[in-house]
Amino acid sequence: MAKSVLTPQAEDFPRWYQELIQKAELAENGPVRGTMTIRPWGYAIWEIIQRELDDRIRATGHKNAYFPLFIPMSFLEREADHVEGFSPELAVVTHGGGSELGEPVAVRPTSETVIGDAMSRWIQSHRDLPLLLNQWANVVRWELRPRLFLRTSEFLWQEGHTAHASWDEAQEETLRMHEVYADLMESVLAIRPVLGRKTDTERFAGAEATYTLEALMRDGKALQMGTSHNLGQNFARAFDIGYSTESGDRELCWMTSWGVSTRVVGALIMVHGDDSGLRLPPSLAPAQVVVLAVRETTADACTQLADSLRGLGVRVETDLDTHTGFGRRVTDWEIKGVPVRVEIGPRDLEDGVVTCVRRDSGTKERIGLDGASGAIAALLPDIQRSMLEDAASRQTEMTRDVTGIEEILASEASGFCRLTWADLGAEGERRLNADGWSVRCLAGADGEVPATPAAVESSVAYVARAY
RNA sequence: CGGGACGUGGCGCAGUUUGGUUAGCGCGCAGCGUUCGGGACGCUGAGGUCGCGGGUUCAAAUCCCGCCGUCCCGACCA
């Protein structure tokens, strides 16, 4: 067995994470503290996530647009909670064109305010509603303790912003996008997060309610994978986003916003990665299959198989670099997480087979060269399913019910601790926070996301240490 | 931003305590040869303003001051 190429997770999880990102060529630190250079392999993963999510956002009736990076400080200041929440992490530009600016401009930490300003002009009538927008952008939130993908001062994301004629519609939109996110996580990222609602202390600055998706990483810490906010009329009031009703009355709009960022790549790494490296679910692997020539003489067979796989719509790369040692190439592809590795050597060709290795399970089998592409392509959905089941059951195993806050504080265990919100309460939450725990979300006892005060009252709190 | 550790070729490190010729090692990289079915080996070679800026000294990777950066722990967040 090959010696491990990464620090084992059990030995030092943060170090494992860092080494994996470096060795899989996903990303590296930028020259300015807190910034991140996303390398081609990492960016290809993000692009697939982006495409999958963009398709879903369009399918639910939203249009993409782009708003400016620079925001007048005065905009941010119009919503009291919003500015209070974001001011500690704002990057502010004070100079431009060689001289000091009259009014400093903020680099967007999020775009509710600029978009709100635009919407106040674009919306006049109930006929303009609902207005369903989305933008793909970078945002800046100055980070004191950066970590690649998880917390960087600049990150990439998608932020949806919508305006509606009623609270009900806004609520429906908020939960619809929450569901869209859940589907993305499950069917693309092969992660099944807990769906819930943020407590008042964890709520987005300026929102009435925040809904979240929380998943457990392999080290037992939780990560927020996406959020969806019902903004009520807070921003509508601040930016005067109103419309005339059918009867001619003027009303304020009800707004939502929702976002998913490059942070999910961090989740992907920490949920699926193992001591041999990254494990990519086929649905977002830039290369779903790598066909590796053991010897130079088998290169043609590799190229042919790869072409045949491409014909079936499979994303394939070939590795014909026979000058590099075989074992070396194998471990490199394992670190990168390619779901299926097909090896073709002289022995295989003699026997009329190819050797096929699954990254998720390590299972190795020889399959007939005739019809190999079909058999290989057929593995992909199976790997996808199996990785989801793996991740979901690992999360379940790391989730336990507790009867009270003392039990949490006394434990060294990681993972989710679950108890009723009635047993915990805001005071209990404060005590947990003081000790490094946080209430990740409140999930409905009935499985529904708690949307009403009554549902919150009867909800179950998921408590964990978090990223 | 607080507490701790650390910055030496691309990566990982030794050397720093006790200043003293051309700053070493492993990996990686380039060339050649032998290898090749789970990180191969030999030979040859390239590559370093010792994080940056000051200071002390005949002499600084080494001592002093400041700054920057990285990692871990805390408060904040997608």
Side-chain angles (χ1 to χ4, degrees), chain A residues 1-7 12-15 17-19 22-23 25 28-36 84-90 108-111 137-159 181 198 201-205 210 212-214 223-229 257-267 276-277 292-298 321-335 341-351 353-355 357 362 364 366 433-438 465-467:
Chain A
M1 202 63 211
K3 66 181 175 193
S4 71
V5 56
L6 298 169
T7 299
D12 187 341
F13 195 84
R15 188 168 176 183
Y17 179 77
Q18 219 184 308
E19 287 179 358
Q22 195 213 330
K23 292 190 173 172
E25 299 179 346
E28 61 187 33
N29 287 311
V32 172
R33 180 182 161 77
T35 59
M36 167 167 64
E84 192 188 327
F86 280 110
S87 58
E89 37 187 0
L90 276 189
R108 65 177 162 227
T110 178
S111 303
N138 58 337
V139 287
V140 169
R141 299 180 186 177
W142 214 258
E143 276 302 334
L144 306 173
R145 202 179 149 192
R147 205 131 133 57
L148 288 175
F149 290 115
L150 302 177
R151 261 192 318 262
T152 47
S153 289
E154 178 193 7
F155 59 89
L156 306 181
W157 78 346
Q158 145 284 310
E159 48 178 323
Y181 287 163
K198 285 295 190 188
T201 52
E202 303 274 337
R203 190 160 30 95
F204 175 74
T210 291
T212 182
L213 299 93
E214 301 280 334
L223 185 75
Q224 177 177 311
M225 299 191 63
T227 48
S228 185
H229 317 291
S257 69
W258 25 274
V260 159
S261 75
T262 39
R263 171 181 267 190
V264 295
V265 177
S276 303
L292 187 152
V294 175
R295 298 290 174 82
E296 206 178 337
T297 56
T298 60
D321 178 25
T322 51
H323 294 290
T324 302
F326 174 78
R328 177 51 191 258
R329 291 185 288 149
V330 164
T331 49
D332 280 350
W333 289 112
E334 280 178 345
I335 292 170
R341 181 177 74 250
V342 177
E343 304 167 359
I344 304 182
R347 285 211 302 268
D348 292 311
L349 292 185
E350 268 171 41
D351 301 346
V353 300
V354 299
T355 301
V357 188
K364 187 181 279 194
R366 306 185 87 203
N433 288 346
D435 211 45
W437 295 85
S438 58
R465 297 193 187 274
Y467 278 102

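Sequence lines set the chain letters: A, B, ... in the order given, protein chains first and strands last, and positions in each chain run from 1.
- In this structure, A:Pro109 reaches neither bases nor backbone, as no heavy-atom distance under 4.0 Å exists between it and the strands shown.
- With sequence neighbours excluded, the residues forming a salt bridge (Lys or Arg N to Asp or Glu O under 4.0 Å) with A:Glu19 are A:Arg15, listed by chain and number.
- Under the Watson-Crick or G-U wobble criterion, with both distances below 3.5 Å, B:A30 is paired with B:U44.
- For B:A75 and B:G19, the C1' atoms lie 42 Å apart once the distance is rounded to whole Å.
- No contact: A:Gly259 has no heavy atom under 4.0 Å from any strand.
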Report all interatomic pairs (protein N or O, nucleotide N or O of nucleotides 43-47 of chain B) with separations under 3.5 Å.
none

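- Rounded to whole angstrom, the span from the CG atom of A:Asp12 across to the C1' atom of B:C72 amounts to 9 Å.
- No N or O donor and acceptor, one from the side chain of A:Arg328 and one from the base of B:G28, sit under 3.5 Å apart.
- Here A:Phe326 does not lie in a stacked arrangement on the base of B:G37, lacking the combination of planes under 30° and ring centres under 5.5 Å apart.
- Counting any heavy atom pair closer than 4.0 Å across all strands shown, A:Leu150 reaches a base atom.
- Residue A:Arg329 has no polar side-chain atom (N or O) positioned under 4.0 Å from OP1 or OP2 of B:G37.
- Sequence neighbours left out, the pairs with a member in residues 323-334 of chain A that pass salt bridge (Lys or Arg N to Asp or Glu O under 4.0 Å) are A:Asp319-A:Arg329, A:Arg328-A:Asp332, A:Glu334-A:Arg341.
- Taking the P atoms as reference points, B:C67 lies 13 Å from B:G3, given to the whole Å.
- With B:G38, B:C76, B:C71 as the candidates, the nucleotide lying closest to the side chain of A:Val357 is B:G38.
- Across all strands, A:Thr355 comes closer than 4.0 Å to base atoms (heavy-atom distances).
- The aromatic rings of A:Tyr181 and A:Trp258 lie perpendicular to each other, with more than 60° between the two planes, well past the 30° mark.
- Atom CZ in A:Arg151 sits about 13 Å away from atom C1' in B:C71, given to the nearest Å.
- For A:Asp348 and B:G37, a side-chain-to-base donor-acceptor distance below 3.5 Å is present, hydrogens and geometry of angles not being considered.
- Mapping A:Pro146 and A:Arg366 onto RNA chain B via the closest heavy atom, the residue that lands nearer the 5' end is A:Arg366.
- Residue-level contact check: A:Asn433 touches the backbone only, with heavy atoms under 4.0 Å from sugar-phosphate atoms and none from bases.
- Proximity note for A:Arg341 (side chain, C-beta onward) versus B:C71, B:C72, B:G38: the nearest is B:G38.
- Comparing B:C64 with B:C77, their C1' atoms are spaced 39 Å from each other, to the whole Å.
- Nucleic acid contact for A:Thr110: none, since no nucleic acid atom lies under 4.0 Å from a heavy atom of the residue.
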